[in-house]
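Comments concern the structure below.
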2 protein chains.
Amino acid sequence: MKISTRTRYGMRAILELACAYGAEPMQIKVIADRQKISNKYLEQLVAIIKSAGLVRSVRGPHGGYVLARDPAEIKLSEIFTVLEGQTLTVECVDNQEVCENSSDCITRKLWKQMNDAMLGVLENQTLQDLVKMTEKERMNYQI
Amino acid sequence: MKISTRTRYGMRAILELACAYGAEPMQIKVIADRQKISNKYLEQLVAIIKSAGLVRSVRGPHGGYVLARDPAEIKLSEIFTVLEGQTLTVECVDNQEVCENSSDCITRKLWKQMNDAMLGVLENQTLQDLVKMTEKERMNYQI
DNA sequence: ATAGAATACTACTAAATCAGTAGGAATATA
DNA sequence: TATATTCCTACTGATTTAGTAGTATTCTAT
């Protein structure tokens, strides 16, 4: 059970944009270089994030991408869902109807516990929290 | 991000064996029928569980499988790991060396939180807990 | 105007994984 | 010896993943 590269790259990319919130648009190329991600692949990932309304784009020279909302207003769960899909463990957790036994399935209760445990982590943090951690990390590095 | 069918089926199968702990060996066929799982596929899954030492087998007529240890002594994390693999979110969480940036990677901290959240669920429950829930569920049904 | 910088769009692909199916070998029981 | 069961291995179609590739579109600056 792994988080896809798509989600890992996408999260790193949007964190870059969150760190640059309020500044000039940032280009795919810049993010790709910094994060060591394939330029072309990242293009597609950012397109996904954009179509979800999390970032806006500016075309042409000096263009790039900017975060669409304040980092404090973007929960990590929202980003994760866009990139990885809604299901965190098993489909029947979100959608009882996919299995007729779901109402009294014991293992489903287990998957739901795991699901909710992850969801708690993602719901209780925003991009702003990651930005702060990034800044703190950079300070440590400088000292 | 989904838990594989392998893990879901395998967990249901071992729960059947846990419910039958102390009784006669239970055959693949019986489990497969009850859980509506392909017989042949389940054979392979139980083989995985067996090679991990969680169940023992008895060949020939009246044979089948029995849980190798008391259900209370088998943590759910052990079963999950055998079926799904060690990684719950991202490899670098268990294995820092797979990425040179892991030491100051902010997103890794996030994946680790999610990882630990799930692990907490799996570490703090044993098969015995699922057996009890199963019995309770059956009682509700009878009333 | 036009060159160039950037995003936007669409199609293709190699590799891996998943969820099985299939068939027969080995072993124990009655 | 017939039968019930596990054991072992090989194959397969479908899907997903992590890209690569090429071109079209849009905006800016000169």
Side-chain angles (χ1 to χ4, degrees), chain A residues 1-14 16-17 20 24-33 35-68 83-87 89-91 98-99, chain B residues 1-14 16-17 20 24-33 35-68 83-85 87 89-91 99:
Chain A
M1 200 189 176
K2 283 181 191 171
I3 293 171
S4 67
T5 303
R6 171 168 60 241
T7 299
R8 294 187 290 111
Y9 288 179
M11 189 64 81
R12 278 154 58 189
I14 201 171
E16 285 281 353
L17 295 177
E24 297 297 293
M26 181 178 276
Q27 295 84 40
I28 289 278
K29 199 172 64 171
V30 172
I31 302 177
D33 282 356
Q35 295 290 334
K36 290 171 191 158
I37 297 172
S38 146
N39 208 299
K40 280 297 210 175
Y41 187 38
L42 186 56
E43 248 182 37
Q44 294 171 47
L45 306 189
V46 173
I48 295 171
I49 294 170
K50 190 198 162 190
S51 70
L54 295 174
V55 302
R56 282 183 298 111
S57 67
V58 182
R59 298 175 81 160
H62 300 283
Y65 292 89
V66 290
L67 209 61
L83 290 162
E84 194 71 25
Q86 200 199 353
T87 301
T89 52
V90 169
E91 228 181 312
V98 298
C99 178
Chain B
M1 199 187 175
K2 283 182 190 169
I3 292 170
S4 66
T5 303
R6 172 169 59 241
T7 298
R8 294 188 288 111
Y9 288 178
M11 188 66 81
R12 277 154 58 190
I14 201 171
E16 285 281 353
L17 295 177
E24 297 298 293
M26 180 177 276
Q27 295 85 38
I28 289 279
K29 199 172 65 171
V30 173
I31 302 177
D33 282 355
Q35 294 291 333
K36 290 170 192 161
I37 297 172
S38 148
N39 209 300
K40 280 298 210 176
Y41 188 38
L42 186 57
E43 251 182 35
Q44 295 171 46
L45 306 189
V46 173
I48 295 172
I49 294 170
K50 190 199 163 190
S51 69
L54 294 174
V55 302
R56 282 183 297 112
S57 67
V58 181
R59 297 174 83 159
H62 298 283
Y65 292 89
V66 290
L67 209 61
L83 290 163
E84 192 73 24
T87 302
T89 52
V90 169
E91 228 181 311
C99 178

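Because the structure is predicted, anything quoted here is derived from the model rather than measured.
In terms of phosphate contacts, Lys50(B) brings no side-chain nitrogen or oxygen within less than 4.0 Å of OP1 or OP2 of dT6(D). Look at Thr5(A) and you'll find a side-chain N or O under 4.0 angstrom from OP1 or OP2 of dA18(D). In this model, the phosphate group of dC7(D) is approached by a side-chain N or O of Tyr65(B) to a distance below 4.0 Å at OP1 or OP2. Tyr9(B) has a side-chain polar atom (N or O) that falls below the 4.0 Å cut-off from OP1 or OP2 of dG20(C). For Arg6(B) and dC18(C), the shortest distance from a side-chain N or O to OP1 or OP2 is below 4.0 Å. Within the 4.0 Å cut-off from OP1 or OP2 of dA19(C), not a single side-chain nitrogen or oxygen of Ser38(B) is found.
Closest to the side chain of Glu43(B), out of dG23(C), dG4(C), dA18(D), is dG23(C). Among dA24(D), dC8(D), dA19(C), the nucleotide with an atom closest to any side-chain atom of Ser4(B) is dA19(C). Of the listed nucleotides (dA21(D), dC8(D), dC27(D)), dC8(D) has the atom at the smallest distance from the side chain of Lys40(B).
The NE2 atom of His62(A) sits 7 Å away from the C1' atom of dT28(D) (whole-angstrom rounding). In this structure, the CD1 atom of Ile37(B) is 12 Å from the P atom of dT21(C), given to the nearest Å. The interatomic distance linking Met1(B) (CE) with dT17(D) (C1') rounds to 15 Å, in whole Å. Between the OH atom of Tyr41(A) and the C1' atom of dT17(D) there is a distance of 6 Å, rounded to whole Å. Remark: P of dA19(C) and CZ of Arg8(B) are 7 Å apart, rounded to the nearest angstrom. Leu42(B) has its CG atom 11 Å from the P atom of dG20(C), to the nearest Å. Distance, Glu24(B) CD to dA4(D) P: 18 Å, rounded to whole Å. For Ile28(B) and dC8(D), the CD1 to P distance is 13 Å, given to the nearest whole Å.
The neighbour count for Glu43(A) CD, taken as heavy atoms of other residues, nucleotides or ligands under 6.0 Å away, is above 12. Around CD of Glu24(A), the count of heavy atoms belonging to other residues, nucleotides or ligands within 6.0 Å does not exceed 12.
No engagement by Lys2(A) is indicated, since no non-hydrogen atom pair under 4.0 Å with the nucleic acid exists. Residue contacts shown for Val58(A) are limited to sugar-phosphate atoms, with no base heavy atom under 4.0 Å away.
Applying the 3.5 Å distance criterion, the base of dT7(C) shares no donor-acceptor pair with the side chain of Gln44(A).
Looking at heavy atoms from C-beta onward, Arg8(A) lies out of side-chain contact with Leu83(A) at the 4.5 angstrom threshold. Side-chain contact check for Pro25(A) versus Tyr65(A): every heavy-atom pair is 4.5 Å or farther apart.
Only one option out of Val55(A), Leu67(A), Leu17(A) pairs with Ile49(A) in a side chain to side chain contact (heavy atoms under 4.5 Å, CB included); it is Val55(A).
Map Arg59(B) and Glu84(B) each onto its nearest nucleotide of DNA chain C; the residue landing nearer the 5' end is Glu84(B).
Judged purely by atom type and a 3.5 angstrom limit, Arg6(A) has no side-chain atom pairing as donor or acceptor with the backbone of Leu45(A).
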